[in-house]
Amino acid sequence: MSKISKHEKPEEFTLTRRKLISRFGALGGILLTGCDTQFYKPPISRGGLIGMADTLTMASQRMLMSNQQLVQEHDVSEITENFPVWNQSDPDDEEYQRLKAGNYVDWRLPITGLVNNPISLSLEDLKHMPKRTQTTMHICEQGWSAIAQWTGAPLLSVLQAAGGIKPEAKYIMIDAYGGWYEGYDMFDVVHPQTILAYGMNGKDLPLGNGAPVRLRVERHCGYKQLKFIKSIQVVSSVEGFGRGTGGLNSDFGFHWYAGA
Ligand SMILES: Nc1nc2c(c(=O)[nH]1)N[C@H]1C(S)=C(S)[C@@H](COP(=O)(O)O)O[C@H]1N2
Ligand SMILES: [Mo]
């Protein structure tokens with residue numbers, strides 16, 4: 001059962017980490033003053049030159065983005081007509097197929113781990129939360145890009161609804177139907193354009209693009225834009241997930257930090 005009701009105001013999100021000074025603006029945005037060096041490295045560093053390159057890229061990008069500026073938003077006239085459906089188009093997963101057949105009415109998103117009040121949200125719950133619509137460019141690492149308009153609930157609001165995170169929280173791990181999973185650090189979680197999207201171009205999110213809910217984490221390449229979301233766990237370490245690198249793609253040799 002969901003704990004969200006329209007009369008309930010989420011408690012202030014608590015990011016009580018040393019040096020990470022956060023506060024909420026009138027619109028519920030967040031300002032990060034300075035850039036904590038904990039955001040300069042992926043959870044697991046690869047060795048050698050490639051590991052050094054990973055850290056250099058991530059640290060320099062994070063420094064440049066330390067005030068959490070927004071990525072470019074496009075005019076709706078620039079929306080790409082046939083946005084591709086990439087890799088998985090319909091997870092071959094019994095539970096997913098059952099939820100799909102029921103038009104996702106029984107879909108629930110558990111938010112567990114290092115949160116103060118674990119919750120489970122229905123699609124309706126998500127749609128009644130604060131909402132953001134953004135028209136952005138998706139850049140796939142495999143050589144294509146396309147523009148679409150996404151509507152969803154800011155991930156920050158979702159974590160607020162779960163009572164905020166505990167001080168030791170560092171990453172969120174998201175599981176998807178069909179076996180994909182990805183991890184993200186709090187720097188990306190708190191960004192205003194990081195949303196759990198249930199709408200695309202003014203309609204429900206189409207099946208192939210990740211129905212019923214996908215992540216939009218706009219400063220990253222395509223493979224971080226996880227589709228077919230199943231559950232969210234807030235953790236202090238990425239240990240124990242897959243091969244332990246913090247995401248399916250990094251498990252297979254891609255950069256964990258996929259800054260575009
Ligand atoms: N669950 C899941 N998420 C996924 C993928 C996938 O195959 N399965 N592909 C990723 C890649 S590589 C890209 S480019 C985008 C593609 O999103 P689209 O199918 O909406 O174009 O989703 C990403 N998220
Ligand atoms: Mo991609």
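As the structure lists them, so they are numbered: ligands from 1, and atoms in each ligand from 1.
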Can you list the atoms of ligand 1 that are under 4.0 Å from a heavy atom of [X]?
{"X": "F228", "answer": "1 (N)"}
{"X": "Q225", "answer": "22 (O), 23 (C), 24 (N)"}
{"X": "C140", "answer": "14 (S)"}
{"X": "G208", "answer": "19 (O)"}
{"X": "Q88", "answer": "1 (N), 2 (C), 6 (C), 7 (O), 8 (N)"}

Going by the angle between their ring planes, with limits at 30° and 60°, are H220 and Y184 parallel, tilted or perpendicular?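 Perpendicular: the ring planes of H220 and Y184 meet at over 60°.
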So which heavy atom in the protein is nearest [atom], and how far is it from that ligand atom?
{"atom": "atom 9 (N) of ligand 1", "answer": "W180 CH2, 3.4 Å"}
{"atom": "atom 3 (N) of ligand 1", "answer": "K227 N, 3.0 Å"}
{"atom": "atom 11 (C) of ligand 1", "answer": "G222 O, 3.7 Å"}
{"atom": "atom 21 (O) of ligand 1", "answer": "P84 O, 2.6 Å"}
{"atom": "atom 7 (O) of ligand 1", "answer": "N87 CB, 2.9 Å"}

May I ask you to check whether [X] has an N/O atom sitting below 3.5 Å from an N/O atom of ligand 1?
{"X": "Y223", "answer": "no"}
{"X": "W144", "answer": "no"}
{"X": "E141", "answer": "no"}

Would R219 pass as a cation-pi partner of Y257, given that its NZ or CZ must be under 6.0 Å from the six-membered ring centre and within 45 degrees of the axis?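 Output no; distance or angle outside limits.
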Less than 6.0 angstrom from the centroid, inside 45 degrees of the normal: does K224 satisfy that with respect to the ring of W256?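 So K224 does make the cation-pi contact.
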When you look for heavy atoms under 4.0 Å from ligand 1, do you find them on the side chain of Y181, its backbone, both, or neither?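 For Y181, no heavy atom sits under 4.0 Å from ligand 1.
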Is ligand 1 under 4.0 Å from a heavy atom in the side chain of W86, in the backbone, in both, or in neither?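 Contact part for W86 vs ligand 1: both backbone and side chain.
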Using the rule that Ile, Leu, Val, Met, Phe, Trp and Tyr join whenever any side-chain heavy atoms are under 4.5 Å apart, tell me whether L155 and M200 fall into a single cluster.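 As far as the 4.5 Å side-chain criterion goes, M200 and L155 are not connected within one cluster.
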Rounded distance (nearest 0.5 Å) linking atom [atom1] of [X] with atom [atom2] of [Y]:
{"X": "F228", "Y": "L207", "atom1": "CZ", "atom2": "CG", "result": "5.5 Å"}
{"X": "L70", "Y": "T136", "atom1": "CG", "atom2": "OG1", "result": "11.5 Å"}
{"X": "Q193", "Y": "D188", "atom1": "CD", "atom2": "CG", "result": "11.5 Å"}

From CA spacing to verdict: ring-ring contact (aromatic ring centres under 6.0 Å, His included), W150, F83: CA-CA 12 Å; W150 310 98; F83 195 97; 5.6 Å; yes
Run the numbers on E73 and R132 for salt bridge (charged side-chain N to carboxylate O under 4.0 Å, His left out), then give the verdict. CA-CA 12 Å; E73 295 196 9; R132 182 178 170 95; 2.4 Å; yes
Could you pull out, from H138, R214, Q142, the option with a heavy atom nearest to atom 22 (O) of ligand 1?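 Minimum heavy-atom distance to atom 22 (O) of ligand 1 goes to R214.
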If we check side chain to side chain donor-acceptor pair (under 3.5 Å) with D185, which of these qualifies: K41, Q38, R62?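 When side chain to side chain donor-acceptor pair (under 3.5 Å) is applied between D185 and each of K41, Q38, R62, only R62 qualifies.
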